[in-house]
Every structure is written in structure tokens, then in C-alpha cells.
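First comes the structure, then the notes that go with it.
Note that these values count all heavy atoms, side chains included, but never hydrogens, waters or copies made by symmetry. One-based numbering, in listed order, for ligands and for the atoms of each.
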Amino acid sequence: MYPAAFDYHAPKNVKEALGLLGKLKDDAKILAGGHSLIPMMKLRLAQPKHLIDLGKVPGLSGIKADGKALAIGAMTTHWEIESSSAVKSKLPVLAEVASVIGDPAVRNKGTIGGSLAHADPAADWPAAMIALGAEMVCEGPKGKRKVGVDQWFLGLMATALKERELLAQVRVPLLPAGSGAAYMKFPHPASRFAVVGVCAAVTLDKQGVCTKAGVGVTGAGTKAVRAKGVEAALVGKRLDPAAIEAAAQKAADGVDVQADLQGSVEYKSHLCRVFAKRAITEAVKRAGA
Ligand SMILES: Cc1cc2nc3c(=O)[nH]c(=O)nc-3n(C[C@H](O)[C@H](O)[C@H](O)COP(=O)(O)OP(=O)(O)OC[C@H]3O[C@@H](n4cnc5c(N)ncnc54)[C@H](O)[C@@H]3O)c2cc1C
């Protein structure tokens, strides 16, 4: 199906984009890679009268490392992250996540900012952002503000982004020495979206005891969530197989697991536990335990 008619705007800078957002209000939608918005428009699930394309706005894409974090522009594509040497050397789990999103066409056009603003419950980035404790940098008429990932995902396709704001950057903290991170998902066989996906990041001390853990779960519920019970069960323990198994058993706790065409609540809860165990096991291995 064709989308409903719309006017197309191509602002040349952030100020112009924010001006258009302020003027056109609810009638406008930001266009990034278009790989979630355009399909929704074709199905007439979204019918914006105006599209504000960020494609020609400078300064919204690219990856910079500043010693503490990777600062990733919202318009950076999944492929740019997958292939970035800075990402591969400083936070390789991000390249791992990017590499399992959709197919090459999706990865070449889709952006990290578009994914995080869209907040699809089966998207991959949310699990990684939660595990790594990312921060969203939003830009609006009153300037910039930062939102921690735990305050970002509000519900099904709902985020803390305010009207007339755009997502400008994502800041992902680097992991300290002795850390490892991994992302494991059970992909939908057609779209590759996560039926369930789990990202785990662990930091171990010299004795192999876990001092910090971050675990994000996507796909199972209406939004990605932090698996707090798993994190609490990991910290303070030597992460041998028994400790990992016990922690992973808590992976579906606190997730509003939804039955859908992909599986029942029981099946998807089981996948949460299985993929949590796999992601934590790999993260521990990568931490050098
Ligand atoms: C066939 C197919 C398979 C896919 N498989 C996967 C998969 O396996 N895993 C996965 O995670 N995703 C998958 N996706 C989704 C893909 O990753 C999209 O690229 C992503 O969800 C949205 O990014 P985008 O840049 O295309 O955003 P768009 O589609 O342009 O925008 C999406 C929404 O976010 C808003 N938006 C975009 N950028 C900003 C911004 N900077 N500030 C504020 N609002 C903004 C838009 O207004 C719109 O509402 C798939 C998509 C397709 C078509």
C-alpha cells in the first residue's frame, strides 16, 4: 500500500529541524533511516502530514571516543557501528549487536537513534543500552538534556523524548578493565527482530568475583527492561556455571512477558532464561575469567 500524502522537509541544521518541529507540532514526524517509519506509513499505521528528514543535518552522525564513553550520533547507521574500528576496539559488543539487526539493507539505512526513538519492543539496541547504562542526549527548544536509559523506555513504542525534541546522540560508557559483554538473541526467522534478546555486561575483580553486572532483556514484553534480579544474583559471586544458571533463572522476573504469534508466555519466559545464561556465560568468558 502507498503511504498517505505528506510534505517533505530537509532542514540543513538542528536549529532548522527544531524550528520545523515547533511549527508543525503533531502533524510532523522525524525521518531518519525510514526503516520503521516508512513501513508504518505504508500500512497507514502512521499518517504524518509532514516528514522532517534529518539526513542532511550535519553533526548528528559519527562515533567519537572521549576516554569515558563512546558518543554515537543518533543518525549513525547500524552498519557504521558494526564496521567501526573505534567500536571494535573499545566496546565490541556494540558491533556484535549491530551485526545481527535485520539484513544488510536494514543495517545500511537504519540508525541507532531511530531505533531508540521508535522503541520497538523487539529491537536489539535497547537491551544493549540497558546492560551498558547508556545515556540519551536530546535536543529541543530549551537546549540539550540527558536522559539515563532506565528513564528512557516508558512502554510500547513510548520513550521519554518530549514533543519538539529530537534525539541527537547516545553516550555509551566504556567498560572498566576486567569486563566482558555479549549479546545473544533468538531471532524471528523472517525479520530477524528479537523474539527474545539478552545483553549482559560483567566486571570481575582479580579474584574472579563479579563487582558489577548489567543485563538487558528485549523482545519478551512491551518494552525492553533491566533484569534487576539477575544483576543482583551475579554481583558478589564467583561466576561459575552454577552461579550463572541460578542468576539466569531470574531473567523473566519483572518482564511483562506477552504471548504472541511467536510464542506463549511460558515459552518466551523460557527463552529469557536460556538466552540470559548464554549471554552471561559469554560475557564472563570475554572478561577473561
Ligand atoms: C525488514 C526489517 C527488519 C528489521 N529487523 C530488525 C532487527 O532484527 N532488529 C532491530 O532492532 N531492528 C530491526 N529493524 C528496524 C530497524 O533497525 C530500523 O532501522 C529502526 O528501528 C529505526 O531506525 P530508522 O533510522 O530506520 O528510523 P525511522 O524509521 O526513520 O524512524 C523511526 C521512528 O523514530 C523517530 N525518530 C527517528 N530518528 C529520530 C531522532 N533522531 N530523534 C527523534 N525521533 C526520531 C521517527 O520519527 C519515527 O517515529 C528492521 C526493519 C526492517 C524493515
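- Among all protein heavy atoms, the one lying closest to atom 31 (O) of ligand 1 is L37 CB, 3.9 Å.
- Scanning all protein heavy atoms for the shortest distance to atom 49 (O) of ligand 1 gives K29 NZ, 3.4 Å.
- Polar contact check, P39 against ligand 1: no nitrogen or oxygen pair lies under 3.5 Å apart.
- With hydrogens and angles left out, the side-chain atoms of T222 and D256 include a donor and acceptor closer than 3.5 Å.
- If you look at T111 next to ligand 1, the close heavy atoms, those under 4.0 Å, come from the backbone and the side chain alike.
- Backbone and side-chain nitrogen or oxygen atoms of H35 are examined, and one is located within less than 3.5 angstrom of a nitrogen or oxygen of ligand 1.
- Heavy-atom separations between K185 and ligand 1 include at least one value shorter than 4.0 Å.
- Between R145 and E165 there is a salt bridge, since at least one side-chain N of the basic residue sits less than 4.0 Å from a carboxylate O of the acidic one.
- Applying the 6.0 Å contact sphere to OH of Y8 captures more than 12 heavy atoms from other residues, nucleotides or ligands.
- Ionic pairing of K25 and E163 is not present here: no N-O contact between side-chain nitrogen and carboxylate oxygen is shorter than 4.0 angstrom.
- Remark: R286 engages E96 in a salt bridge, criterion side-chain N to carboxylate O under 4.0 Å.
- The protein heavy-atom contact nearest to atom 44 (N) of ligand 1 is A117 CB, 3.4 Å.
- Comment: R226 engages D150 in a salt bridge, judged by a side-chain N to carboxylate O separation of less than 4.0 angstrom.
- Within ligand 1, the atoms closer than 4.0 Å to a non-hydrogen atom of L54 are 41 (N), numbered from 1 in the order shown.
- Checking only distances, S36 does come within under 3.5 Å of ligand 1, N or O to N or O.
- The protein non-hydrogen atom at the shortest distance from atom 15 (C) of ligand 1 is F193 CZ, 3.5 Å.
- Salt bridge absent: K49 and D7 never bring a charged side-chain N and a carboxylate O closer than 4.0 Å.
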Worked verdict on L94 versus L132 for side chain to side chain contact (heavy atoms under 4.5 Å, CB included): CA-CA 10 Å; L94 294 182; L132 298 167; 3.7 Å; yes
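- Protein heavy atom at the shortest distance from atom 48 (C) of ligand 1 is I30 O, 4.0 Å.
- Although no hydrogens or angles enter the test, the distance criterion places no donor-acceptor pair under 3.5 Å between the side chain of H118 and the main chain of D120.
- Each of the following atoms of ligand 1 lies closer than 4.0 Å to a heavy atom of G33: 24 (P), 25 (O), 26 (O), 27 (O), 30 (O).
- Not one N or O of A194 is nearer than 3.5 Å to an N or O of ligand 1, by distance alone.
- If you number the atoms of ligand 1 from 1 as listed, the ones under 4.0 Å from a heavy atom of G34 come out as 24 (P), 26 (O), 27 (O), 28 (P), 29 (O), 30 (O).
- Residue contact check for ligand 1: H78 places a non-hydrogen atom closer than 4.0 Å to it.
- Looking only at heavy atoms of the protein, atom 41 (N) of ligand 1 is closest to L167 O, 2.9 Å.
- A donor-acceptor contact shorter than 3.5 Å links the side chain of S269 to the backbone of V265.
- Residue V106 places no N or O, backbone or side chain, under 3.5 Å from any N or O of ligand 1.
- Although no hydrogens or angles enter the test, the distance criterion places a donor-acceptor pair under 3.5 Å between the side chain of K268 and the main chain of Q258.
- In this structure, T159 contributes its side chain and W152 its backbone to no donor-acceptor pair below 3.5 Å.
- The existence of a salt bridge linking K228 and D253 is excluded, since no basic side-chain nitrogen approaches an acidic carboxylate oxygen closer than 4.0 Å.
- Of the protein's non-hydrogen atoms, D124 OD2, 2.7 Å is the one closest to atom 9 (N) of ligand 1.
- Considering backbone and side-chain N/O atoms, L31 never comes within less than 3.5 Å of an N/O atom of ligand 1.
- Judged by the shortest distance from any of its heavy atoms, L161 lies inside the 4.0 Å radius around the atoms of ligand 1.
- Annotation for ligand 1: atoms under 4.0 Å from non-hydrogen atoms of G110 are 19 (O), 25 (O), 26 (O).
- Shortest contact from atom 33 (C) of ligand 1 to any protein heavy atom: H118 ND1, 3.6 Å.
- Inclusion of A32 in the set of residues having an N or O under 3.5 Å from an N or O of ligand 1 is warranted.
- Residue K277 places its NZ atom among 12 or fewer non-hydrogen atoms of other residues, nucleotides or ligands, all under 6.0 Å distant.
- No part of I38 comes within 4.0 Å of ligand 1, judged by heavy-atom distances.
- The aromatic rings of Y267 and F186 sit perpendicular to each other, their planes meeting at more than 60°, with 30° as the lower class boundary.
- Near S191, meaning under 4.0 Å from any of its heavy atoms, are these atoms of ligand 1: 3 (C), 4 (C), 5 (N), 8 (O).
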